[in-house]
Amino acid sequence: MILLIFLVCTTHPTLIYQYDAYSNIIDGWEDETHVCSFETCGQIHFFGTSFNDEIKISRIFLNLEPHSHIKVEAEFLKQLFIYNKKSIDDTYISNFMIDEELTQYESKMLFQICGDENPEYLQTISIVRLHNRRSVWIYIQTYYGGLISFRLSILKCSDLCVGCIDNYHKFCQSWKLHQYSFNQKSITNYDGWTLISVLNQNINLFNCGDCQFIIFQEINFFTKLPPHEDVLIRFFKLFTNPIIIDYLESQQTISFENQIEILLRNHHNPILQLNIKTQSNSDFGFIRDFELYYTQPELMFNNLNEGCLEQFQDKCLNCQEGWILDEFQENCHPICGDGIIHGQEQCDYGNLISKYSCHLCKYSCIDFCKICQFGICLQCQDGFIINGNFICDPLCGDGNLIPYSTEQCEISVNGVNGVQDGCLDCKFISIENCKTNHFSICLECEVGFDILESICFPHCGDKLILKQYEDCDDGNLQPYDGCFECKFQCIEDCKTCEKGQCIQICEDGYEYVNNSCLSVCGDQIVTKEEDCDDGNLQPWDGCFLCKYSCPQYCYDCYQGICLECYYQYQLLNSNQCKQQLNCGDGYLQEQEECDDGNYEALDGCKDCLIELNWICITIIKDSPSQCTFVKAPNLIINYLNITQNKQYISIQFNQGVKINTTQLLSKTINYVLENISQKNWKGSLFIIQDVGSDVNFGEYIISIETNLENLTKPDGYQYRKCCFIGW
């Protein structure tokens with residue numbers, strides 16, 4: 001009789017690696033295109049590129065603990081590139097690979113969180129895959145995005161199980177690891193191997209984190225095994241080039257790729273020799289992660305009853321603790337429900353009730369599971385999808401509503417049960433402002449709302465103001481009383497209305513006083529009742545109290561402009577009359593700019609005024625002015641460009657200047673547009689270099705934004721935009 005001892009237990013995923021781009025640490029990820037960096041898109045951080053570039057990153061994980069499955073969870077960002085209003089997303093598809101196998105992912109549009117016109121996709125992976133090799137590698141290729149986060153978990157093997165070998169006739173615990181070769185990222189260990197025909201011994205592959213493969217045409221392996229019965233050979237093969245494996249007793253030809261397993265049953269020879277070569281002399285083979293396992297010889301016992309404490313010949317007389325005697329068959333059976341796993345029991349939680357997929361001490365699949373192992377669901381039935389807890393959830397969007405499941409409703413492919421019917425992501429959409437509802441039907445609305453076709457609408461006219469929906473609610477439908485249909489409304493013909501109150505009913509330049517529109521003097525708007533409006537109450541400046549006025553000491557003027565001054569008064573460029581006191585006597589007086597003792601022109605001082613491009617000073621008190629010809633600086637004005645409705649003008653002197661006051665020159669610069677009202681344009685002064693007490697050229701840029709659409713003009717007339725600048 002054969003004595004079989006085995007342990008069976010459930011395991012849960014064990015997190016062995018976690019990555020988050022927020023850390024700003026590369027952490028072993030390889031970048032083939034050398035364009036990756038840590039980028040930010042809205043609130044999302046990722047390792048990749050925000051430019052129109054392809055990225056390729058990969059990483060290998062080595063020396064994993066014995067396991068039966070891996071769980072991979074990842075998030076990566078992809079920006080949809082728009083060119084000439086056409087998406088080229090179909091051309092640039094992301095690829096996510098685990099050990100050279102493509103893996104599907106889910107995409108969710110994020111609606112332009114990066115701040116430009118291109119939408120973004122959040123692409124996610126959550127997959128559980130059969131895997132028992134001691135290394136695994138990840139490869140990600142995408143465009144205009146990168147890796148946000150990554151998690152790798154493993155489902156560990158049962159106790160005493162070194163390789164999770166459970167698809168053969170031997171129990172997993174029976175296998176022992178003899179040798180592990182070619183398992184480093186850069187291969188340096190060749191124990192037991194003879195390289196007969198190789199090409200540079202190894203080659204680097206970026207897809208596996210820049211790891212190395214042995215590249216060969218023929219190699220030999222030799223090892224001495226301890227006493228054993230069966231031998232299992234495992235390794236990873238790249239590409240589909242056929243290779244021949246000769247192990248003396250027989251040989252196999254392998255033409256597929258990925259993980260290769262070869263079982264040698266009843267191999268009692270203490271020496272194992274392998275010859276591996278390519279089928280074609282022109283081909284090369286590529287392998288790594290070579291593993292060699294064996295089973296120990298089984299001990300044979302005659303007629304041993306498992307669980308038996310006392311036995312006579314083939315009959316059991318008394319069972320061990322945890323076992324019960326079958327008096328008819330005269331053997332022992334484990335007691336199911338005692339919380340201890342014995343014999344052929346797979347699980348035992350201390351009762352006979354189904355718990356954690358254990359029923360009557362045998363593993364059973366969860367509901368809707370198609371394939372399970374040790375109570376863990378690996379594949380769900382059609383219409384279901386496995387989640388991170390190995391539970392089968394209904395597949396939302398397939399048009400099939402699964403009763404007694406997490407689905408409340410189903411979105412069919414033709415849209416009959418779509419969002420318009422109150423169903424989103426197979427859940428009923430909560431009805432806004434609904435107090436009581438049954439599924440997607442509202443039975444009672446919140447206070448201030450009325451039901452109309454199961455939708456809650458604001459009730460206008462109940463004197464309750466719902467701030468999100470109503471400006472006001474005066475309880476009536478009377479127009480022009482400040483509130484109409486729960487929106488602010490002013491009296492008729494109101495020019496400016498604010499929250500139901502009329503602020504402006506008259507034209508610009510007028511104010512509403514005692515039921516009449518009166519002209520406003522001082523607002524710089526000239527109305528038909530005004531001659532002028534310079535915005536001040538300064539007399540003698542040509543306009544006073546919005547009527548033309550002559551400057552002081554002016555003999556003859558027209559519309560505020562002086563044509564001739566009184567006797568002994570001189571008309572200045574500032575439209576003012578200045579008194580001349582004993583001009584030409586050589587004594588500089590308060591109202592004189594200079595006095596050189598004569599009336600001659602072109603000597604710097606004429607009529608006691610300094611001539612253009614001259615500088616006059618009085619060196620000695622009560623002596624004639626000394627004048628020197630100086631070329632005055634010119635103001636250079638350049639038109640730069642126009643952007644949309646903004647025009648830009650540059651202002652600069654042609655030589656260094658300074659001012660003798662404490663006020664900067666920029667404080668005195670004024671500019672207006674000819675023939676355009678102040679309300680139809682606005683300007684901004686940008687200081688590049690200001691003029692002060694130090695000599696410099698000074699530089700300014702004026703931005704002018706006009707609103708010519710508001711101007712009325714005759715047909716065919718074009719407004720010429722002119723700018724007058726002065727100090």
Side-chain angles (χ1 to χ4, degrees), residues 1-12 66 68 130 132 155-176 226-232 263-268 293-379 381 390:
M1 183 176 184
I2 302 175
L3 176 61
L4 303 177
I5 302 175
F6 64 95
L7 298 175
V8 179
C9 63
T10 60
T11 58
H12 297 281
S68 61
L130 285 168
N132 55 14
L155 272 67
K156 294 183 180 180
C157 301
S158 304
D159 293 340
L160 304 179
C161 204
V162 296
C164 280
I165 305 171
D166 47 20
N167 54 338
Y168 297 107
H169 62 291
K170 298 288 186 179
F171 290 108
C172 181
Q173 291 82 356
S174 303
W175 293 96
K176 308 296 179 184
H228 64 282
E229 183 174 350
D230 297 333
V231 172
L232 178 66
L263 177 66
L264 307 182
R265 299 189 63 171
N266 300 318
H267 183 279
H268 302 291
Y293 298 89
Y294 68 93
T295 59
Q296 294 177 331
E298 295 178 346
L299 300 177
M300 305 299 295
F301 298 92
N302 293 324
N303 302 323
L304 177 62
N305 285 322
E306 186 179 8
C308 184
L309 183 62
E310 298 182 38
Q311 179 175 331
F312 177 74
Q313 295 181 353
D314 293 337
K315 300 178 181 180
C316 184
L317 304 178
N318 191 14
C319 294
Q320 300 175 8
E321 183 179 358
W323 297 75
I324 187 172
L325 180 64
D326 185 336
E327 297 181 355
F328 179 74
Q329 296 184 357
E330 296 179 325
N331 58 7
C332 298
H333 298 285
I335 300 175
C336 183
D338 61 355
I340 303 174
I341 299 176
H342 292 297
Q344 300 298 320
E345 290 182 334
Q346 295 179 352
C347 53
D348 195 326
Y349 289 96
N351 54 55
L352 301 180
I353 301 175
S354 176
K355 182 178 181 182
Y356 302 116
S357 305
C358 182
H359 179 65
L360 297 179
C361 295
K362 300 289 184 182
Y363 285 114
S364 61
C365 289
I366 60 173
D367 292 339
F368 311 116
C369 183
K370 183 177 181 180
I371 300 175
C372 66
Q373 187 177 45
F374 301 136
I376 300 175
C377 186
L378 303 180
Q379 182 180 345
Q381 297 176 4
F390 304 101

* Asked: Could you go step by step and tell me if Cys347 and Cys361 meet the disulfide bond (SG atoms under 2.5 Å apart) rule?
  -> CA-CA 5 Å; Cys347 53; Cys361 295; over 6 Å; no
* Asked: Is the shortest heavy-atom distance from the side chain of Cys336 to the side chain of Glu345 under 4.5 Å?
  -> yes
* Evaluation steps, side chain to side chain contact (heavy atoms under 4.5 Å, CB included), between Asp230 and Asn266 -> CA-CA 5 Å; Asp230 297 333; Asn266 300 318; 4.2 Å; yes
Shortest non-hydrogen separation from [X] to [Y] and the atoms involved:
X	Y	result
His228	His268	O-ND1, 3.5 Å
Gly163	Cys157	C-SG, 4.1 Å
Gly322	Asp338	CA-OD2, 3.7 Å
Pro227	Pro297	O-CD, 3.6 Å
Trp175	Ile165	NE1-CG2, 3.6 Å
Cys332	Gly307	SG-O, 3.6 Å

* side chain to side chain contact (heavy atoms under 4.5 Å, CB included) between His342 and Glu306: does it pass, once the steps are laid out? -> CA-CA 10 Å; His342 292 297; Glu306 186 179 8; over 6 Å; no
* To do: Report the C-alpha separation of Tyr294 and Gln296 in whole Å, then their side-chain angles, then the decisive distance to 0.1 Å, and conclude whether the side chain to side chain contact (heavy atoms under 4.5 Å, CB included) test is met.
  => CA-CA 7 Å; Tyr294 68 93; Gln296 294 177 331; 4.2 Å; yes
* Check whether more than 12 heavy atoms from other residues, nucleotides or ligands sit under 6.0 Å from atom CD1 of Ile324, and answer yes or no. => no
* Report the C-alpha distance between Cys308 and Cys319 in whole Å, list the side-chain angles of each, state the deciding distance to 0.1 Å, and finish with yes or no for disulfide bond (SG atoms under 2.5 Å apart). => CA-CA 4 Å; Cys308 184; Cys319 294; 5.9 Å; no
[atom1]/[X] to [atom2]/[Y] distance, rounded to the nearest 0.5 angstrom?
X	Y	atom1	atom2	answer
Cys365	Gln379	SG	CD	11.0 Å
Glu310	Leu317	CD	CG	6.5 Å
Leu232	His267	CG	NE2	12.5 Å
Lys315	Leu325	NZ	CG	12.0 Å
Ile376	Ile371	CD1	CD1	14.0 Å
Thr295	Lys176	OG1	NZ	10.0 Å

* To do: Starting from the C-alpha separation in whole Å, work towards a yes-or-no answer on side chain to side chain contact (heavy atoms under 4.5 Å, CB included) for Ile340 and Asp348.
  => CA-CA 6 Å; Ile340 303 174; Asp348 195 326; 5.7 Å; no
